[in-house]
Engineer: 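Below is the structure I would like to discuss, written out as structure tokens.
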Amino acid sequence: MEKKTVIHWFRKGLRIHDNPALLAAIEEAVKSSSALRPIFILDPLILTWMRVGPNRWRFLQQSLDQLNENLTKIGSKLYVIRGTPENVFKRIFKDWNISYITYEYDTEPYAKRRDALIEQLAHEANIRIESEISHTIYNTQLVIKKNGGKAPLTMQKFLSVVDSMSKPPIPVPAPTKIPEICKPTLDSFEKENPHCYDCPTLLELKVNEKNLNACKFPGGETEALNRLNKILLKKSWICNFEKPNTSSNSLEPSTTVLSPYLKFGCLSSRLFYYEINKIISGQKHSKPPVSLIGQLMWREFYYTVSSDTPNFDKMVGNPICCQVPWDTNEKHLEAWTYGKTGYPFIDAIMRQLRQEGWIHHLARHAVACFLTRGDLWISWEEGLKVFDELLLDSDWALNAGNWMWLSASAFFHQFFRVYSPVAFGKKTDKFGDYIKKYVPELNKYPVDYIYEPWKAPLSVQTKAGCLIGKDYPKRIVIHEDVYKVNISKMSLAYKNNKTNDNNKQKGESSKESEPAAKKMKKVSKSTNTTKSDSKKSKQTSLTKFLKK
DNA sequence: GGAGCAGTTGGTGCA
DNA sequence: CTGCACCAACTGCTC
């Protein structure tokens with residue numbers, strides 16, 4: 001009989017620092033003189049259905065490599081096991097004589113289902129299983145409890161709730177040397193194939209290295225800590241940080257780019273939180289929601305709301321999401337996705353996203369507004385899918401939450417504030433250097449036309465070697481026309497939502513009211529000017545009110 | 001229950 | 001260059 005084995009199961013949390021579940025596993029292994037096997041499960045099926053672009057596969061591959069390195073340094077290693085979690089556990093329950101399993105708690109619905117299944121299996125096999133909270137700074141369930149059983153739906157409310165709670169747990173140190181006695185022997189698979197638990201290569205992850213761009217943000221815990229430590233040196237920058245004042249289109253990132261490391265858990269959000277707090281305490285400093293701590297609080301906020309909201313990543317069946325009759329337009333969606341809208345600022349952002357896997361938060365605002373309520377009137381769920389594929393930091397809760405925010409579907413409601421695909425970028429890059437970098441076909445354009453190349457006279461276009469409509473697309477919509485129509489469509493969607501909500505509350509059948517989508521089509525044809533339309537709607541709501 | 005205010009990050013035009 | 005009113009007018013929260 002194989003000697004007893006203790007498992008720590010890595011999923012997110014790809015680090016050894018501030019990893020309480022890993023520490024618990026080590027402690028148990030030492031105490032019971034068991035073998036310690038830290039594992040990561042690589043499900044080959046996921047390679048076929050998950051929306052993960054090559055940049056993020058590379059980031060994961062690098063993160064696993066560094067995790068294995070860091071585990072090796074303390075006398076262990078990472079066992080990467082191929083298969084579905086269910087099949088993998090069924091097999092190792094038998095082969096490894098497992099007595100105890102630990103993992104980091106995960107709030108995502110997919111993860112909750114997965115973990116419930118494994119907990120059930122462990123229970124049936126009489127194996128102890130324990131999870132620790134360390135992906136978020138706060139325990140999301142406690143935040144919800146403190147707020148009366150519901151997730152706070154505004155940032156201010158969230159901040160007041162966490163302020164009234166006790167300070168979050170202090171990060172735990174990384175483990176040091178693991179005793180020899182906890183070293184596992186080779187199992188029968190390893191005897192046949194000594195490399196069967198090795199970290200995956202890019203080839204195994206079906207990434208064609210030839211298609212990859214230069215790696216700007218390498219994955220892994222060591223990279224994460226190096227990046228954090230460099231930032232921590234900039235004390236006055238940290239104290240003065242205000243997100244809205246950072247640039248969406250500088251040639252090098254104007255923010256920390258720690259998000260991919262937080263997403264995979266290469267960096268502990270609690271460590272980041274405590275290190276920043278150390279620096280700002282006793283100093284004059286910016287405050288949430290715009291400060292660096294505020295950025296972490298936004299992450300907590302979305303994690304908390306998403307854990308408490310059904311269908312959080314969808315419009316239909318999502319109780320906090322405004323139901324909007326978005327259009328489908330394959331051509332426009334494709335133009336947006338590949339950076340061919342004819343708006344250089346928008347296209348530069350979308351191309352940077354595809355190449356590098358990271359774009360500034362405000363750049364995300366500009367393209368998200370453009371896709372949804374601003375210009376194209378396409379569902380935020382389509383944008384979410386593209387971001388999910390291409391972002392290194394794509395995080396289920398944050399991605400859906402921010403898409404709802406930008407499309408004014410939840411959290412944010414001032415839908416009449418629309419980003420201009422021309423004016424917004426000019427504020428921080430008046431010469432268009434960012435555009436020239438990512439949309440190189442325009443790099444000979446004079447500064448007067450770089451944001452609006454369709455305005456360039458033919459002679460200028462010829463001289464710059466780039467004809468609009470041939471070498472660079474003609475803009476696919478006229479922003480100054482469509483955004484006004486879209487504002488009034490949004491206004492109507494809000495009104496319909498309100499009536500539907502009221503009907504629901506009264507317990508009336510919603511079938512009686514005309515479906516929102518039908519109403520919308522009628523109106524969008526007749527909306528020429530915002531003024532007359534909104535006056536009309538004001539009147540109708542007033543008469544309705546008087547009739548009551 | 002209604003008024004008033006605030007809400008991480010809009011754009012434009014004018015003083 | 002900065003500050004401000006205006007655009008038309010949203011929701012959630014507080015009092």
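Lettering of chains follows the sequences in order, A, B, ..., and the numbering in each one begins at 1.
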Engineer: Using whole Å, report how far CD of A/Glu480 lies from P of B/dG13.
Structural biologist: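 Distance, rounded to whole Å: 12 Å.
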
Engineer: Measure the distance from CZ on A/Phe411 to C1' on B/dG7 and round it to the nearest whole Å.
Structural biologist: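 Computing the A/Phe411:CZ to B/dG7:C1' distance gives 14 Å.
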
Engineer: For A/Tyr138 and A/Lys167, indicate whether the former's side chain and the latter's backbone hold a donor-acceptor pair under 3.5 Å.
Structural biologist: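 Absent.
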
Engineer: Mind checking which stems touch DNA chain C? I mean at least 3 consecutive Watson-Crick or G-U pairs, both distances under 3.5 Å.
Structural biologist: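 Result, WC/G-U stems under 3.5 Å: B:2-7 with C:10-15, B:10-15 with C:2-7.
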
Engineer: Is there a donor-acceptor pair under 3.5 Å between the side chain of A/Gln295 and the backbone N or O of A/Pro289?
Structural biologist: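 Pair found, side chain donor or acceptor close to backbone of A/Pro289.
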
Engineer: Okay, side chain of A/Arg270, backbone of A/Ser134: is any donor-acceptor separation there less than 3.5 Å?
Structural biologist: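 No; judged by distance alone, with no hydrogens or angles, the pair does not exist.
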
Engineer: Give a yes or no on whether the ring-centroid distance for A/Phe415 and A/Tyr494 is below 6.0 angstrom.
Structural biologist: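 Ring centres of A/Tyr494 and A/Phe415 closer than 6.0 Å.
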
Engineer: So, A/Tyr343 versus A/His479: side-chain donor-acceptor pair below 3.5 Å or not?
Structural biologist: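 The answer is no; no qualifying pair exists.
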
Engineer: Between the side chains of A/Arg56 and A/Asp388, is the shortest nitrogen-to-carboxylate-oxygen separation below 4.0 Å, so that they form an ion pair?
Structural biologist: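 Looking at A/Arg56 together with A/Asp388, the answer is yes, because their closest N to O distance falls below 4.0 Å.
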
Engineer: One pair to check against ring pair (Phe, Tyr, Trp, His ring centres under 6.0 Å): A/Phe301 and A/Phe411. What are the steps and the verdict?
Structural biologist: CA-CA 11 Å; A/Phe301 173 70; A/Phe411 311 116; 5.4 Å; yes

Engineer: Which of residues 147-161 of chain A have a heavy atom under 4.0 Å from DNA chain B?
Structural biologist: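 A/Met155, A/Gln156 - these, ordered by number, are the residues of the stretch whose heavy atoms sit under 4.0 Å from the strand.
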
Engineer: Pick the C1' atom in C/dC13 and in B/dG1, then give their distance to the nearest Å.
Structural biologist: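 One C1' to the other, the span is 14 Å.
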
Engineer: What integer distance in Å separates A/Lys495:NZ from C/dA8:C1'?
Structural biologist: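 About 11 Å, once rounded to whole Å.
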
Engineer: Please give the distance between the P atoms of B/dC5 and C/dA5 as a whole number of Å.
Structural biologist: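 Taking atom P in both B/dC5 and C/dA5, they lie 15 Å apart.
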
Engineer: To the nearest Å, give me how far apart CZ (A/Arg364) and C1' (B/dT8) are.
Structural biologist: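 My rounded result for the distance is 15 Å.
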
Engineer: Starting at atom NZ of A/Lys426, determine the distance to atom P of C/dC1, rounded to an integer number of angstrom.
Structural biologist: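 After rounding, the gap between these two atoms is 15 Å.
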
Engineer: Establish, yes or no, whether a centroid distance under 6.0 Å links the rings of A/Trp396 and A/Tyr110.
Structural biologist: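 No, too far apart.
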
Engineer: Would you find a donor on one side and an acceptor on the other, under 3.5 Å apart, between the side chain of A/Arg475 and the backbone of A/Ile478?
Structural biologist: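 The answer is no, because no donor-acceptor pair under 3.5 Å joins these two groups.
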
Engineer: Please state how far atom CG in A/Leu492 lies from atom P in C/dA8, giving the value in whole angstrom units.
Structural biologist: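 Result: 18 Å.
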
Engineer: CD1 of A/Ile487 versus P of C/dA8: gap in Å, rounded?
Structural biologist: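 Between P of C/dA8 and CD1 of A/Ile487: 10 Å.
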
Engineer: Using atom P of each nucleotide, how far apart are B/dT9 and C/dC1 to the nearest Å?
Structural biologist: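 Comparing P positions in B/dT9 and C/dC1 gives a spacing of 24 Å.
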
Engineer: Could you list, one pair per line, each protein nitrogen or oxygen that sits under 3.5 Å from a nitrogen or oxygen of nucleotides 9-11 of chain B, together with the distance?
Structural biologist:
residue: B/dT9; atom: O2; partner: A/Pro244; partner atom: N; Å: 2.9
residue: B/dT9; atom: O4; partner: A/His361; partner atom: NE2; Å: 3.3
residue: B/dG10; atom: N7; partner: A/Arg417; partner atom: NE; Å: 3.4
residue: B/dG11; atom: OP1; partner: A/Ser420; partner atom: N; Å: 2.9
residue: B/dG11; atom: OP2; partner: A/Lys427; partner atom: NZ; Å: 3.2

Engineer: Does the structure place the NZ or CZ of A/Lys474 under 6.0 Å from the centre of the six-membered ring of A/Trp454, at an angle of no more than 45° from the ring's axis?
Structural biologist: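 Relative to the ring axis of A/Trp454, which defines the angle, A/Lys474 lies outside at least one limit.
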
Engineer: Please round to the nearest 0.5 Å and tell me the distance separating atom NZ of A/Lys484 and atom NZ of A/Lys489.
Structural biologist: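 Atom-to-atom, A/Lys484:NZ and A/Lys489:NZ are 15.5 Å apart.
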
